[in-house]
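Note that these values count all heavy atoms, side chains included, but never hydrogens, waters or copies made by symmetry. One is the number of the first residue; the rest follow in order along the sequence. Because the structure is a prediction, the values reported are computed rather than measured.
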Amino acid sequence: MSDYRPSWDEYFMKIAEDASTRSNCLRRKVGALIVKQRNIISTGYNGTPIGVKNCFEGGCPRCQSDVEPGQGYDTCICVHAEANAILLAARHGNATEGGVLYTTLRPCFSCLKEAVQAGVQEIVFEGGDAYEGPLEDAYQMLVRDSGLTLRRFVRQSG
């Protein structure tokens, strides 16, 4: 029997990864969760809104198209994992103020704004790249001016 015990970041990131397996997006599966005082208050994954056909059932026009990655978002009806975690917390009466958002992908600019507005104090993400040029400058300005901590999770080997 191993004495290994994951760090809190490893533990919560694994749960975010598990949440991503519920995603119905045909292009990329993302999972997220919000934690307060080391307790999970909400989880989310990317996919179509509640009551709408899943992507794999034809619910999202973008998923059904052959549009290139990074294009065609104006036809995507899916809700991002981070937004779903925030919205489902609200739907179930769980305050997100002071929470930590764990996500398998660096939040897009919109999800970053929503997290700031929801009172999230820290975002821990694993994958994803920075924007280029002025958009990244605006992203970093929002992080800085809001006081939010944005931190990349680095998996420990072993």
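- Contact annotation: the side chain of P107 approaches that of I123 to within less than 4.5 Å [non-hydrogen atoms, C-beta and beyond].
- Note on V116: it clusters hydrophobically with F125, by side-chain heavy-atom contacts below 4.5 Å among ILVMFWY residues.
- Looking only at side-chain heavy atoms (C-beta outward), I50 and R91 come within less than 4.5 Å of each other.
- Side-chain contact check for D9 and Y102: at least one donor-acceptor pair (N or O, by modelled atom type) lies under 3.5 Å.
- Counting heavy atoms of neighbouring residues, nucleotides and ligands inside a 6.0 Å radius, atom CZ of F109 exceeds 12 of them.
- Atom CD of Q117 is surrounded by 12 or fewer heavy atoms from other residues, nucleotides or ligands within 6.0 Å.
- With values rounded to the nearest 0.5 angstrom, L33 atom CG is found 11.0 Å from E82 atom CD.
- In plain terms, the two heavy atoms of C55 and C25 that are nearest each other are SG-CA, 3.7 Å.
- Here the straight-line distance linking atom CD of E114 with atom CG of L112 works out to 9.5 Å at 0.5 Å rounding.
- Scanning both residues, S42 and A85, for their nearest heavy atoms gives OG-O, 2.6 Å.
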Between Q121 and E97, does a side chain to side chain contact (heavy atoms under 4.5 Å, CB included) hold up when you go through it step by step? CA-CA 7 Å; Q121 71 179 15; E97 182 80 31; over 6 Å; no
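- Here the side chain of Q140 pairs no donor or acceptor atom with the backbone of D137 at under 3.5 angstrom.
- Remark: F153 CZ to E126 CD distance equals 5.5 Å, nearest 0.5 Å.
- Looking at Y4 and E10, their side chains do bring a donor and an acceptor atom within 3.5 Å of each other.
- Two residues are said to be in side-chain contact when any heavy atoms from C-beta on lie closer than 4.5 Å; L105 and R28 meet this criterion.
- Note on F56: it does not cluster hydrophobically with V30, by side-chain heavy-atom contacts below 4.5 Å among ILVMFWY residues.
- A heavy-atom distance below 4.5 Å is not found between the side chains of T104 and K29.
- The number of heavy-atom neighbours closer than 6.0 Å to CZ of R152, taken from other residues, nucleotides and ligands shown, is above 12.
- Annotation for K36 and A95: closest pair CD-O, 3.2 Å, computed over non-hydrogen atoms.
- By the 4.5 Å heavy-atom criterion applied to side chains, T48 and V79 are not counted as neighbours.
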Stepwise, does the side chain to side chain contact (heavy atoms under 4.5 Å, CB included) test hold for R106 with Y139? CA-CA 11 Å; R106 182 181 187 248; Y139 191 98; 2.9 Å; yes
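- Using a distance-only test at 3.5 Å, with no hydrogens or angles considered, no donor-acceptor pair links the side chain of N46 to the main chain of A81.
- The two residues C60 and C76 make their nearest non-hydrogen contact at SG-CA, 3.7 Å.
- Under the 30°/60° scheme for interplanar angles, the aromatic rings of W8 and F12 are found to lie parallel.
- Contact annotation: the side chain of I34 never approaches that of V100 to less than 4.5 Å [non-hydrogen atoms, C-beta and beyond].
- For the atom pair H80 NE2 and L87 CG, the distance stands at 12.0 Å (nearest 0.5 Å).
- With values rounded to the nearest 0.5 angstrom, S146 atom OG is found 10.0 Å from M141 atom CE.
- Rounding to the nearest 0.5 Å gives a distance of 12.5 Å between CZ of R62 and CD1 of I77.
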Between V124 and L101, does the side chain to side chain contact (heavy atoms under 4.5 Å, CB included) criterion hold? Intermediate values first, please. CA-CA 6 Å; V124 181; L101 174 65; over 6 Å; no
Is there a side chain to side chain contact (heavy atoms under 4.5 Å, CB included) between T96 and I41? Walk through the geometry before answering. CA-CA 8 Å; T96 55; I41 64 164; 4.3 Å; yes
